[in-house]
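Notes follow once the structure below has been shown.
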Amino acid sequence: MLLCGPSGSGKSLIAARSGLPVLRLDDFYKEGDDPTLPLLPDGSAVDWDHPDSWDADAAVAAIERLCRTGRTPIPVYDISLSARTGEGSVDIGAAPLFVAEGIFAAEIVARCRELGLLADALCLNRGPVRTFRRRFVRDLREGRKSVPFLLRRGWRLMRLERSIIARQTALGAYACDRDEALGRMASAAVRGRAATDPSASAVA
């Protein structure tokens, strides 16, 4: 189950509320000294909201390992440092389904579908103003970046939110609110648990 949506739309909270194992796709950001990082149009800073700031290949590989084996190593990423600070792991046990959530999840919908790993792909749509408030409070609380940076980024993303959702739905994600997302996750989990083949692979 892939879960995307604008930064601050509540992906992590909804993934946790689903009761399913969770893979945090934000841990696959590139490090701050990576020469392939994209810049903002004015060249003033890295554009961390551009898909090229993220390692899609590593994310897909981790999803595939989880689906095939039930366990995968993952990087531990510190957004405030723009760096990987260690390595962890995700183990989904006997769960037939897990949630892979992050702002770039829609970028890999087609690849996961082609690999036979996709149960559903959802895009959270909570409204630009509400998302702005949630994002700023979260980023400030977690000390992700400086306050001026967070305000500039928040204002830019609020103006771009409708186009962000349009892009993610064009890539194959279904736009919905919190309650519908939780309902679709619950239905997918029920279908997975009802599968009669005990050797069936998990799906994202």
Side-chain angles (χ1 to χ4, degrees), residues 1-9 11-12 14-15 18 20-41 45-93 95-124 144-145 153 157 160 163-175 185 188 200-204:
M1 174 80 67
L2 292 176
L3 179 61
C4 63
S7 175
S9 56
K11 297 178 295 297
S12 297
I14 289 174
S18 74
L20 297 167
V22 177
L23 174 66
R24 283 174 28 93
L25 296 179
D26 285 356
D27 282 324
F28 296 92
Y29 265 115
K30 296 176 182 177
E31 297 199 80
D33 59 356
D34 191 312
T36 67
L37 283 171
L39 299 178
L40 293 170
V46 172
D47 185 354
W48 293 107
D49 297 294
H50 192 287
D52 288 346
S53 68
W54 185 66
D55 191 342
D57 291 340
V60 171
I63 288 172
E64 186 167 19
R65 281 192 297 270
L66 269 181
C67 290
R68 306 303 185 201
T69 72
R71 183 178 176 84
T72 185
I74 57 167
V76 175
Y77 193 91
D78 188 325
I79 291 178
S80 67
L81 299 174
S82 303
R84 295 178 180 182
T85 58
E87 185 176 279
S89 64
V90 173
D91 189 331
I92 65 171
L97 185 75
F98 65 92
V99 180
E101 62 90 5
I103 63 172
F104 301 124
E107 303 295 323
I108 57 175
V109 168
R111 292 173 64 177
C112 288
R113 182 177 290 119
E114 289 167 3
L115 291 168
L117 308 177
L118 188 65
D120 202 354
L122 307 178
C123 171
L124 287 180
R144 292 191 170 195
K145 302 292 179 186
R153 175 178 181 254
L157 291 180
L160 291 173
S163 64
I164 290 170
I165 291 172
R167 172 181 170 79
Q168 293 182 349
T169 55
L171 288 169
Y174 172 75
M185 288 179 181
S201 299
V203 289

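- For the pair Ile74 and Phe28, the tightest heavy-atom approach, listed with the atom from each and the gap, is CG2-CZ, 4.0 Å.
- The main-chain N or O of Pro6 is found under 3.5 Å from a side-chain atom of Lys11 such that the two form a donor-acceptor pair.
- With sequence neighbours excluded, the residues satisfying side-chain hydrogen bond (donor to acceptor under 3.5 Å, both in side chains) with Arg24 are Asp27.
- No donor-acceptor pair closer than 3.5 Å links the side chain of Lys30 to the backbone N or O of Pro35.
- The side-chain hydrogen bond (donor to acceptor under 3.5 Å, both in side chains) test applied to Thr72 returns Arg65, not counting sequence neighbours.
- In this structure, Ser9 OG and Leu157 CG are separated by 11.0 Å, a value rounded to the nearest 0.5 Å.
- Shown here for Asp120 and Leu118, the closest heavy-atom pair between the two residues is O-CD1, 3.2 Å.
- Listed by chain and number, the residues in a ring pair (Phe, Tyr, Trp, His ring centres under 6.0 Å) with Tyr77 are Tyr29 (sequence neighbours excluded).
- For residues 70-91, the pairs satisfying salt bridge (charged side-chain N to carboxylate O under 4.0 Å, His left out) are Arg71-Asp91, with sequence neighbours left out.
- Between the Thr169 side chain and the Ala166 main chain, a donor and an acceptor come within less than 3.5 Å of each other.
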Tell me which donor-acceptor pairs under 3.5 Å the side chains of residues 96-113 have, and how far apart each pair is, sequence neighbours excluded?
residue, atom, partner, partner atom, Å
Glu101, OE2, Ser12, OG, 2.9
Glu107, OE1, Arg167, NH2, 2.8
Glu107, OE2, Arg167, NE, 3.0
Glu107, OE2, Arg167, NH2, 3.0
Arg111, NH1, Asp57, OD1, 3.0
Arg111, NH2, Asp57, OD1, 3.0

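- A search for side-chain hydrogen bond (donor to acceptor under 3.5 Å, both in side chains) contacts involving Asp34 returns Thr36, not counting sequence neighbours.
- A distance of 11.0 Å separates CH2 of Trp48 from CZ of Arg153, quoted to the nearest 0.5 Å.
- Contact record, Cys123 with Gly5: SG-CA, 4.1 Å, taken as the closest heavy-atom pair.
- A distance of 13.5 Å separates CH2 in Trp54 from CG in Asp49, rounded to the nearest 0.5 Å.
- Considering every non-hydrogen atom in both Gln168 and Cys4, the closest pair reads OE1-SG, 3.4 Å.
- To the nearest 0.5 Å, the span separating CG on Leu122 from CG on Leu3 amounts to 6.0 Å.
- Nearest approach of Ser163 to Leu160, heavy atoms of both residues: OG-O, 2.7 Å.
- Exactly one of Leu20, Leu66, Leu23 qualifies for a side chain to side chain contact (heavy atoms under 4.5 Å, CB included) with Ile92. That residue is Leu66.
- Nearest heavy-atom pair, Leu124 versus Ile165, reported as atom, atom and distance to 0.1 Å: O-CD1, 4.4 Å.
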Yes or no on side-chain contact (heavy atoms from CB on, under 4.5 Å) for Leu2 and Ile63, after CA distance, side-chain angles and deciding distance? CA-CA 10 Å; Leu2 292 176; Ile63 288 172; 4.0 Å; yes
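- Residues Leu115 and Val60 have side chains in contact (heavy-atom distance under 4.5 Å, counting atoms from C-beta outward).
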